[in-house]
Visitor: 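Have a look at the structure that comes next, please.
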Amino acid sequence: MRMSKLLMPTLREVPAEAEIASHQLMLRAGLIRKLAAGVYSYLPLGLRSLKKVEQIVREEMDRAGAQELLMSALLPAEAYQASGRWEVFGPSMFKLKDRNDRDFCLGPTHEELFTQTVIDNVRSYKEYPMTLYQIQTKYRDEGRPRFGLIRGREFIMKDAYSFDLDEKGLDESYKKMYDAYCRIFTRLGLDFTIVDADSGAMGGSGSQEFMVKSPVGEDGIAYCDACGYAANYEKCECIPDPKEQPEGELELEKIETPNAHTIDELVESLGMEAYNFAKTIIYKADDKYVAVMVRGDRDVNEVKLKNLLGCTDDPELAEPEAVREITHAKVGFAGPIGLDIPVYADKEVALMKNFVVGANESDMHYKNVNIGRDFEPDTVADIRVVVTGDKCPKCGASIKSEQGIEVGHIFKLGTKYSDALGLTYLDESGKNKTVIMGCYGIGVTRCLAAAVEQGHDDNGIIWPVSIAPYQAIVVPANYKSEEQMAEAERIYAALNDAGIETLIDDRSERAGVKFKDADLIGIPVRIVVGKKIGDGIVEYKERKMEKAEEMAAEDAVSRVVEFVKANI
RNA sequence: CGGGAUGUAGCGCAGUUUGGUAGCGCAUCUGGUUUGGGACCAGAGGGCCGCAGGUUCGAAUCCUGUCAUCCCGACCA
């Protein structure tokens, strides 16, 4: 491609709206332009990279035996009504009406559609197992789109769904997708981590996320260097840390704690450590109230709580009025003693002795509280959030944490949608059974952003060869030199003939401008035709290299071909 | 959805406190000089100052409303 004809509006200055590297660079390099919050157009260079990501995903899905199809993005409401998700999605679904006042939406995800497609079109159990996928644009009206392509309202996703006759089949289908995902992210040049993820209350038997470690990631990863265990923060199992506990049981005491309604204030006024307290927090879950206890220096993990309670709605903090009614006290003085709602205590609380809790009376706390003597929790379970330094649940070493961008998620769905929509089959003995599903997503556009987030320096993007918009660039340093231009053209033609996707910077710009742009758009390898062309010498430089190397033009061409073939 | 900030030329910004006919840098166009890491000189074009009301002789500037964008948090099938 001739850059004199290429729509590549690079920006020298950083657009004010972009906060993170990938967003800034994708705008500056002329890959994307914003149309509205979380909605972007792809310009030629951006589209080329996007198509390459899609193609890698497609090749690996096909290799794994999945079949590609394509659903509409515009969907009638009925598609989501049977599963209840027309309501569940709420405001995050883009809803619209047609001219006859019929409800439609722009599809946020397609479990129902795939399930229905299989119901309508698969006739015999002999057709299973089957995995179907599509690469398609999704719409979610996010409360807060941000970070460019990392969290948009319109984005491209590869979603796949497996259909199996039994659990064993699901395990096999899941494993195939797992392997395919590893290949995909490796080919995309991403440095990724696979973490155990929450599989939700609907009883899926497994779920893993593919994370690209990055400080701008929105998900927390807890991991262990010693044994390789890694889990989503929400999912990571917590090993109780007993701290030192006093011997014996002291006498229960009610003490005045005026206006001390936070742990910090209690620590301050009583001169004790946060881990001598137990917080009691009133949650509302599906219109029922429960009390949740964690140690003073811990936080409640609402995902674990939700799974424990098995509620449909996410648990949320009870309204202040409800708290006052339940505890007969101001907010901040709730405790387990004398409460008439179920008490769920974290495992760590069960290990505590002579600790402090709210007294269910304004400005009062109990001191020297002991489980068994003063109250009995209805349930003891792991309901806190993991913290750095916790013991690894697998090997006991110290847990570390990092942020990650979720680029893929694989999930054993089970029968949630096949039950809801009635996807069954008759087995060989004529018995009616439910098809077991898995679902597997990859954020295609997000992968593009993640690749830039992971591959850039001060000068711009550093694309992996596999998804670079072009693989090589030829730069004649002085456009007024006929000799340089002619030789650049010759090299450009040679590279194209060798099957290398090549740009030639034939613009009448100064050399500095061309170098800056080549670096900014991140082309993996560059040949500069300069003054030494009289002796047949050009410069060869990979984007990652510090300095260019001089060599004969022919050698540079074969070096580029070699480099591209080795790194694709 | 709660908290905060910002909307002025394609991009980055000043001007708003104290009302007086809109400015700088980059980019664009023309001419000239340059030509290996975002050149220089001279000239030119480009604005419903987010939008709608209001106050005023007069509003980018003051008041009210509204919309949009970004940041922190909540939420994220």
Visitor: Remember a base hit wins even if backbone is also touched, and classify A/R526 as base, sugar-phosphate or nothing at under 4.0 Å, heavy atoms.
Guide: base

Visitor: With heavy atoms under 4.0 Å as the rule, sort A/V475 into base, sugar-phosphate or nothing.
Guide: nothing

Visitor: With heavy atoms under 4.0 Å as the rule, sort A/K34 into base, sugar-phosphate or nothing.
Guide: sugar-phosphate

Visitor: What distance, rounded to whole Å, do you find between the two C1' atoms, one in B/rG10 and one in B/rC72?
Guide: 30 Å

Visitor: Is the A/F94 ring parallel, tilted or perpendicular to the A/Y139 ring (thresholds 30°, 60°)?
Guide: perpendicular

Visitor: Roughly how far apart, to the nearest Å, are B/rU61 and B/rG7 at atom P?
Guide: 12 Å

Visitor: Just checking, A/R48 and A/Y470: is the charged tip under 6.0 Å from the six-membered ring centre and within 45° of the axis?
Guide: yes

Visitor: Using only modelled atom types and a 3.5 angstrom limit, is any donor from either the side chain of A/E509 or the base of B/rG38 paired with an acceptor on the other?
Guide: no

Visitor: Can you tell me if the side-chain N/O atoms of A/K514 get under 4.0 Å from OP1 or OP2 in B/rG36?
Guide: no

Visitor: Expressed in angstrom and rounded to an integer, what is the separation of A/Q24 atom CD from B/rU69 atom P?
Guide: 19 Å

Visitor: Reading RNA chain B from 5' onward, which residue's closest nucleotide shows up sooner: A/M157 or A/F515?
Guide: A/F515

Visitor: Expressed as a whole number of Å, how far does the P atom of B/rU64 sit from that of B/rU6?
Guide: 16 Å

Visitor: Please give, in whole Å, the distance from B/rU28 C1' to A/L11 CG?
Guide: 14 Å

Visitor: Using a heavy-atom cut-off of under 4.0 Å over every strand shown, decide if A/A477 touches base, sugar-phosphate, or nothing.
Guide: base

Visitor: Do A/R85's NZ or CZ and the ring of A/Y80 fall within the cation-pi criteria of under 6.0 Å and 45°?
Guide: no

Visitor: Can you tell me, in whole Å, how much space there is between the P of B/rC13 and that of B/rC71?
Guide: 14 Å

Visitor: What I want to check is whether an N or O donor and acceptor connect the side chain of A/E17 with the base of B/rG7 at under 3.5 Å.
Guide: no

Visitor: Tell me which nucleotide, if any, is Watson-Crick or G-U wobble paired with B/rG46 when both distances must be under 3.5 Å.
Guide: none

Visitor: The criterion is ring-ring contact (aromatic ring centres under 6.0 Å, His included); which residues satisfy it with A/H110, sequence neighbours excluded?
Guide: none

Visitor: State the pairing partner of B/rU56; accept Watson-Crick or G-U wobble contacts with both distances under 3.5 Å, and report none otherwise.
Guide: none

Visitor: Measuring from the side chain of A/Y479 (C-beta onward, heavy atoms only), which nucleotide among B/rG38, B/rC72, B/rU34 has the closest atom?
Guide: B/rU34

Visitor: In terms of side-chain heavy atoms of A/P15, which of B/rC11, B/rU69, B/rC72 is nearest?
Guide: B/rC11

Visitor: Round to a whole Å and report the spacing from CG of A/L317 to C1' of B/rC75.
Guide: 13 Å

Visitor: Rounding to an integer number of Å, can you tell me how far A/L27 CG sits from B/rA27 P?
Guide: 19 Å

Visitor: May I ask you to say what A/R33 touches in the nucleic acid, namely base, sugar-phosphate or nothing, with a heavy-atom cut-off under 4.0 Å?
Guide: nothing

Visitor: Can you tell me how far the NZ atom of A/K516 sits from the CD1 atom of A/I521, to the nearest 0.5 Å?
Guide: 14.0 Å

Visitor: Between P on B/rC11 and CG on A/L520, what's the gap in Å once rounded to a whole number?
Guide: 17 Å

Visitor: Base, sugar-phosphate alone, or nothing: which one does A/E539 contact when heavy atoms must sit under 4.0 Å apart?
Guide: base

Visitor: Roughly how far apart, to the nearest Å, are B/rG65 and B/rG45 at atom P?
Guide: 41 Å

Visitor: Return the orientation label for the A/Y540 and A/F563 ring planes: parallel under 30°, perpendicular over 60°, tilted otherwise.
Guide: perpendicular

Visitor: With a 3.5 Å cut-off and just heavy-atom distances, do the side chain of A/R28 and the base of B/rG10 make a donor-acceptor pair?
Guide: no

Visitor: Measuring only the C1' atom in each nucleotide, how far is B/rC11 from B/rU69? A whole number of Å is fine.
Guide: 16 Å

Visitor: Paired with B/rG65 by Watson-Crick or G-U wobble geometry, both distances under 3.5 Å: which nucleotide is it?
Guide: B/rC51

Visitor: A/E13 has an atom CD; how far is it from atom P of B/rC24, in whole Å?
Guide: 16 Å

Visitor: Select base, sugar-phosphate, or nothing to describe what A/R510 touches, counting heavy atoms under 4.0 Å on all strands.
Guide: base

Visitor: Does B/rA27 have OP1 or OP2 under 4.0 Å away from a side-chain N or O of A/R12?
Guide: yes

Visitor: Can you tell me, in whole Å, how much space there is between the P of B/rU66 and that of B/rG3?
Guide: 14 Å

Visitor: Report yes or no: is the cationic atom of A/K213 (NZ for Lys, CZ for Arg) under 6.0 Å from the centre of the six-membered ring of A/Y223, at an angle within 45° of the ring normal?
Guide: yes

Visitor: Classify A/V513 by what it touches in the nucleic acid, base, sugar-phosphate, or nothing, heavy-atom distance under 4.0 Å.
Guide: base

Visitor: Under the 3.5 Å rule, do the base of B/rG37 and the side chain of A/D519 count as making a donor-acceptor pair?
Guide: yes

Visitor: P atom, B/rG47 versus B/rU33: distance in rounded Å?
Guide: 32 Å

Visitor: Side chain of A/A16 only, heavy atoms from C-beta on: which candidate in B/rG73, B/rC13, B/rC26 is closest?
Guide: B/rC13

Visitor: Take the protein atom CD of A/E316 and the nucleotide atom C1' of B/rG2, then report the distance between them rounded to whole Å.
Guide: 14 Å

Visitor: A/K516 side chain: which of B/rC75, B/rG73, B/rG37 is closest?
Guide: B/rG37

Visitor: Using a distance-only criterion (donor-acceptor N/O pair, under 3.5 Å, no hydrogens), is the base of B/rG37 paired with the side chain of A/N459?
Guide: no

Visitor: Rounded to whole Å, please give me the gap between CG in A/L43 and P in B/rC11.
Guide: 14 Å

Visitor: Can A/K304 and A/E237 be counted as an ion pair, charged N to O under 4.0 angstrom?
Guide: no

